[in-house]
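For reference, the structure discussed in these notes is given below.
A quick note: this is a predicted structure, and the numbers were derived from the prediction, not measured. Just so it is clear: chains get the letters A, B, ... in the order the sequence lines come, proteins before strands, and each one is counted from 1.
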Amino acid sequence: MNLKELYQEIILDHGKNPRNLGKFENFNKDAKGHNPLCGDKVHLFLKLDENKKINDISFEGQGCAISMASASIMTDLMKGKNERQVKELISKFLEMIKEKDDIESNLLNDDEKTKLMSLGGVKNFPMRVKCATLSWHALSSALDDFQKKVTTE
Amino acid sequence: MNLKELYQEIILDHGKNPRNLGKFENFNKDAKGHNPLCGDKVHLFLKLDENKKINDISFEGQGCAISMASASIMTDLMKGKNERQVKELISKFLEMIKEKDDIESNLLNDDEKTKLMSLGGVKNFPMRVKCATLSWHALSSALDDFQKKVTTE
Amino acid sequence: MNIDNIKKEFPIFSNKIHNNDLVYLDSANSSQKPLVVVNRIYDFYTKEFSNVGRSVHYLSVAATNLYEKTRSSVQKYLNAKDKNEIVFTKGATEAINLVASTFSQEFLQEGDEILLTELEHHSNYVPWHYLRKSKGVKINFAEIDEHGDISIENIEKKITPNTKMIAITHLSNVTGAILPIKEITQLAHSKGIPVMVDGCQSAPHMKLDMQDLDCDFYAISCHKMYGPTGLGILYAKKKWLDNLPPYQGGGGMINEVKKNDISYSELPNKFEAGTMATAQVIAFDESINFLNKIGIDNIISHEKKLLDYGEEILRKNNSVKLIGNPQKKGAVLSFTIDGIHPHDIATILDEDGVAIRAGHHCCQILHDKLGLTASARASLGVYNNKDDLDKLNESINNCKKIFNK
Amino acid sequence: MNIDNIKKEFPIFSNKIHNNDLVYLDSANSSQKPLVVVNRIYDFYTKEFSNVGRSVHYLSVAATNLYEKTRSSVQKYLNAKDKNEIVFTKGATEAINLVASTFSQEFLQEGDEILLTELEHHSNYVPWHYLRKSKGVKINFAEIDEHGDISIENIEKKITPNTKMIAITHLSNVTGAILPIKEITQLAHSKGIPVMVDGCQSAPHMKLDMQDLDCDFYAISCHKMYGPTGLGILYAKKKWLDNLPPYQGGGGMINEVKKNDISYSELPNKFEAGTMATAQVIAFDESINFLNKIGIDNIISHEKKLLDYGEEILRKNNSVKLIGNPQKKGAVLSFTIDGIHPHDIATILDEDGVAIRAGHHCCQILHDKLGLTASARASLGVYNNKDDLDKLNESINNCKKIFNK
Ligand SMILES: Cc1ncc(COP(=O)(O)O)c(C=O)c1O
Ligand SMILES: Cc1ncc(COP(=O)(O)O)c(C=O)c1O
């Protein structure tokens with residue numbers, strides 16, 4: 001798959017009509033991601049329960065179609081997942097985006113896999129890898145950070 | 001002339017048996033030269049009259065055959081010269097050592113010219129040019145410096 | 001050397017990118033290298049290599065002569081008064097750091113002010129920013145006008161009795177604005193303020209005359225000037241180099257070294273510590289030769305024609321918005337397309353072999369001011385032609401098609 | 001790759017110097033370059049050139065990957081724990097300046113002490129000397145013993161409660177002494193003192209293992225390691241790079257830039273401001289490959305044999321005095337000849353095509369200590385062989401003849 005095909009399918013759709021866009025009211029955690037090289041920004045909002053299960057998630061951001069689509073697909077996928085599941089999905093996604101050809105996880109159905117793998121085309125474009133992973137890294141640090149707060153409070 | 005021939009004639013003689021070596025008693029001006037790249041050092045001693053005519057001159061130093069020979073030849077030549085003559089000789093010498101093939105000056109007899117031109121072979125060796133000119137630069141600054149003192153005193 | 005035919009001097013253009021001819025429009029980032037320069041590097045390493053200034057053997061002496069020959073060529077090219085006003089650095093960034101660091105040590109105190117502009121590249125801001133912490137220095141920014149230009153009035157407005165240095169770009173790498181350096185320098189000097197010019201973008205495209213500009217410092221990156229990477233030039237008036245402390249310390253820049261004290265070399269060695277970028281300096285002489293052979297006047301008129309043509313076709317292309325419309329403009333076409341992020345533009349153009357840059361181009365302050373997080377930028381070099389700009393436009397149209405714009 | 005046959009990998013040796021074959025014995029100054037390295041530079045510029053890390057187009061992405069590939073190769077070669085512990089600089093001199101400047105900003109106060117040795121190159125003294133003025137720091141020198149060696153006892157003697165950094169050479173560029181870095185690091189760490197190693201001379205000749213040495217900083221010059229000029233490496237433990245402030249400021253090393261504040265990038269970008277020596281970094285990967293192909297063990301045993309042979313014949317040559325007789329010695333033969341100044345030796349040897357260095361080799365402190373103003377130095381590289389040393393000896397004999405010694 002070349003990048004142009006990529007742009008014609010899932011990414012263009014999610015890029016133009018991102019799901020879960022905008023801040024919702026009763027979030028209890030947020031986290032920012034920033035790519036200094038290109039200026040892409042993402043701001044995640046999360047409603048976590050005490051076990052860090054994601055009850056709700058949304059985002060605001062400015063960036064290219066790939067970073068917007070990635071945030072859109074990710075937020076769709078993460079709703080309702082518990083901490084272990086979130087962490088597994090993040091690490092599977094990062095593996096896939098950096099080196100692997102596909103993604104294996106019991107947590108994903110075929111449709112979800114196809115969506116995620118549409119982002120796999122950026123593998124050979126290090127600059128764009130950062131776009132695709134921006135929101136995922138932000139989510140990861142949001143979870144870690146939430147833990148810290150809980151344990152130190 | 002290549003450098004090896006050079007080493008067999010005038011320079012070796014002056015390098016091994018430098019004339020005017022050692023400090024004399026009633027000098028009224030001294031000046032140091034130092035080549036930081038190789039560590040060559042020269043220390044000039046001068047007896048100048050009020051018009052900056054050189055009544056006596058000698059040197060101490062550590063350095064290669066070329067810098068020692070150059071100091072030896074120079075001090076021999078400068079004895080008895082007045083300021084204008086010294087300046088002319090310095091500038092003629094520096095010209096010759098940097099670019100010209102010969103040296104022209106009414107102040108020099110043929111024998112003296114030959115001696116000076118024996119140093120001209122270093123022209124294409126920038127590192128050695130510094131060796132050959134070290135004592136000349138020191139003499140030049142000694143004269144300028146003497147002037148300053150006179151005018152400010 | 002005929003500029004209309006100059007592409008053939010650059011071997012890279014005989015290669016294909018994604019099966020397309022390379023349309024290189026990223027010269028403001030770094031220029032391609034003519035074969036003469038690459039060959040010089042090759043020949044130097046394979047036939048003449050030695051370190052400079054440190055040994056008395058044949059190769060070393062020859063290398064030292066070649067190294068100093070480039071210094072003389074640069075002096076002439078810049079019309080600097082003195083050969084020793086040319087200092088080699090690893091890039092413009094280092095040159096600016098050198099000035100900020102040594103100037104502050106000797107001449108700055110708490111409360112002093114540095115005047116920059118909103119157009120500055122991070123390389124001409126971060127080194128001054130450091131002085132906020134180390135010296136309690138304040139930094140002011142002359143504002144751009146609605147054309148992305150800096151007028152002399154906007155400079156004047158921000159000068160205060162505490163202004164101790166004006167550090168400004170000669171040619172903006174985003175809006176293409178060419179600043180009136182000579183007038184700024186006159187104004188600044190009338191108030192006793194030195195001027196440092198970031199000449200990264202101007203150097204490959206304008207006639208450089210240090211004595212005419214009369215600026216105090218001028219920083220250049222050789223890799224943007226058809227030269228090798230890892231090399232820059234700092235021009236500085238001799239009186240400054242004489243009075244500033246050395247920057248980095250090391251071999252070659254010392255006079256005498258004792259356990260309790262050190263004295264430093266004369267110019268130019270004082271500012272060239274350690275083994276320098278010998279091969280790069282020597283090869284850069286060929287870059288200067290190359291520029292001289294084409295002739296800067298020919299370069300200027302060639303690039304002016306291209307720039308005008310590029311502006312014309314992009315203005316006609318609806319939904320493309322050009323950034324900056326300064327009085328005098330050089331070699332840069334920055335733009336945005338409504339609804340398509342610059343990164344996506346750049347990626348899609350790349351598939352067509354069209355290399356442009358997307359991002360903030362190390363000018364976040366400017367992008368903030370313009371309300372942008374990023375822009376797309378096509379920038380010109382001697383090797384570009386109208387075809388390249390037509391291909392740019394075509395590829396932008398492809399891009400719009402993909403995004404249904 | 002067979003080391004006995006390695007000269008043919010270096011094109012320079014097919015050239016004549018003053019009608020003689022080149023006997024290159026100045027590798028401690030800078031090494032010659034194998035063809036693979038020169039070719040890599042040529043290919044990169046003619047087929048693949050672009051700036052690194054700043055654009056999203058094909059050439060730029062490819063160049064970025066190549067650039068980072070070298071970082072990984074260097075990490076492996078040095079057995080560093082983390083890729084981001086490798087910082088590219090313009091040379092070892094810059095690497096040491098970086099450490100001295102940033103370490104002092106964060107960790108040094110008036111009265112603190114830096115411990116050097118009498119063997120140090122000016123590049124590992126001048127940057128610390130600056131801190132005398134800027135920070136009121138004191139500098140101490142561990143003394144050499146009668147062999148031109150530094151024992152761990154002589155280090156220990158000079159450590160005080162105020163010692164905040166030990167900065168020492170791994171291999172002296174004059175006496176050839178190899179210092180017991182691992183033991184020194186253990187001692188220093190037991191007292192909470194970090195250790196910076198000047199690895200310029202060791203890097204081309206010894207097995208490098210950062211995790212085993214456990215030093216905090218290690219500085220390398222690539223041009224002495226069969227690599228291009230204008231490139232150096234700073235290895236530093238991650239904890240230091242994380243906690244030190246950035247050095248030069250400019251493009252590529254920032255995170256966010258606002259008019260009132262700036263935040264900096266993650267490693268490794270934080271310490272790589274401005275356009276780096278892209279082509280040089282990419283070509284250096286071939287230097288590492290070249291070293292790996294021969295194998296460092298083969299290099300060590302080859303050079304040991306040569307060094308022993310060189311010492312043997314020079315000791316037999318009366319009126320030649322070798323400088324330094326350390327316990328462990330590498331790749332360097334420094335000497336004087338009674339009554340002939342080293343500069344004259346070097347000039348005369350040069351006529352025979354024998355390239356050595358004469359002077360203080362940027363080690364004035366050491367020369368003062370030895371009562372010398374200059375010495376002659378023959379230094380070895382992989383390409384040398386016994387013939388070269390025989391020619392050295394022959395040419396020394398010529399020299400003695402000319403001076404009637
Ligand atoms: C021991 C030592 N340290 C430091 C340096 C400085 O290295 P460079 O000049 O490549 O920066 C050198 C070489 O000149 C050296 O031999
Ligand atoms: C206007 C301007 N200033 C400074 C720089 C920094 O130059 P370099 O990265 O070569 O040090 C650049 C290029 O990146 C530039 O365009």
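For the pair Asn51(C)/Asp26(D), no side-chain contact is recorded, criterion being any heavy-atom separation below 4.5 Å from C-beta on. At a threshold of 4.5 Å between non-hydrogen side-chain atoms, the residues Ile12(D) and Leu59(C) count as touching. Residues Leu22(D) and Tyr58(C) are not in side-chain contact: their nearest non-hydrogen atoms beyond the backbone lie 4.5 Å or more apart. Contact check for Val61(D) versus Asp350(C): no side-chain heavy atoms found under the 4.5 Å cut-off.
Heavy-atom pairs under 4.5 Å with chain D were tallied for Tyr45(C), Phe141(C), Phe10(C), Trp128(C); the largest tally goes to Tyr45(C). Interface summary for chain C: among Gln280(D), His223(D), Lys90(D), Gln248(D), the most heavy-atom pairs under 4.5 angstrom belong to Gln248(D). Per-residue heavy-atom pair counts under 4.5 Å with chain C were compared for Tyr264(D), Phe13(D), Tyr24(D), and the maximum is reached by Tyr264(D). For the options Met276(D), Lys258(D), Arg377(D), heavy-atom pairs under 4.5 Å to chain C are most numerous at Lys258(D). Heavy-atom pairs under 4.5 Å with chain D peak, among Asn97(C), Asn124(C), Asp368(C), at Asn97(C).
Ring geometry for Tyr247(D) against Tyr247(C) counts as parallel: the plane angle stays under 30°, on a 0 to 90° scale with 60° as the upper cut.
Using a 4.5 Å cut-off between heavy atoms, Asp261(C) contacts chain D through both its backbone and its side chain. At a 4.5 Å heavy-atom cutoff, the contact between Pro246(C) and chain D is made by backbone and side-chain atoms alike. Contacts between Ser31(C) and chain D at a heavy-atom distance below 4.5 Å involve the backbone alone (N, CA, C, O).
Under the salt bridge (Lys or Arg N to Asp or Glu O under 4.0 Å) criterion, the residue pairs touching residues 10-21 of chain C are Lys16(C)-Asp21(C), with sequence neighbours excluded.
Separation of atoms NE2 (His129(C)) and CD1 (Ile254(D)) is listed at 11.0 Å; rounding is to 0.5 Å.
Considering only residues two or more places apart in sequence or on other chains, Glu48(D) meets the salt bridge (charged side-chain N to carboxylate O under 4.0 Å, His left out) condition with Arg40(D).
Smallest separation of non-hydrogen atoms from Gly251(C) and Cys362(D): CA-SG, 3.8 Å. The two residues Gly250(C) and Thr93(D) have their closest heavy-atom pair at CA-CG2, 3.9 Å.
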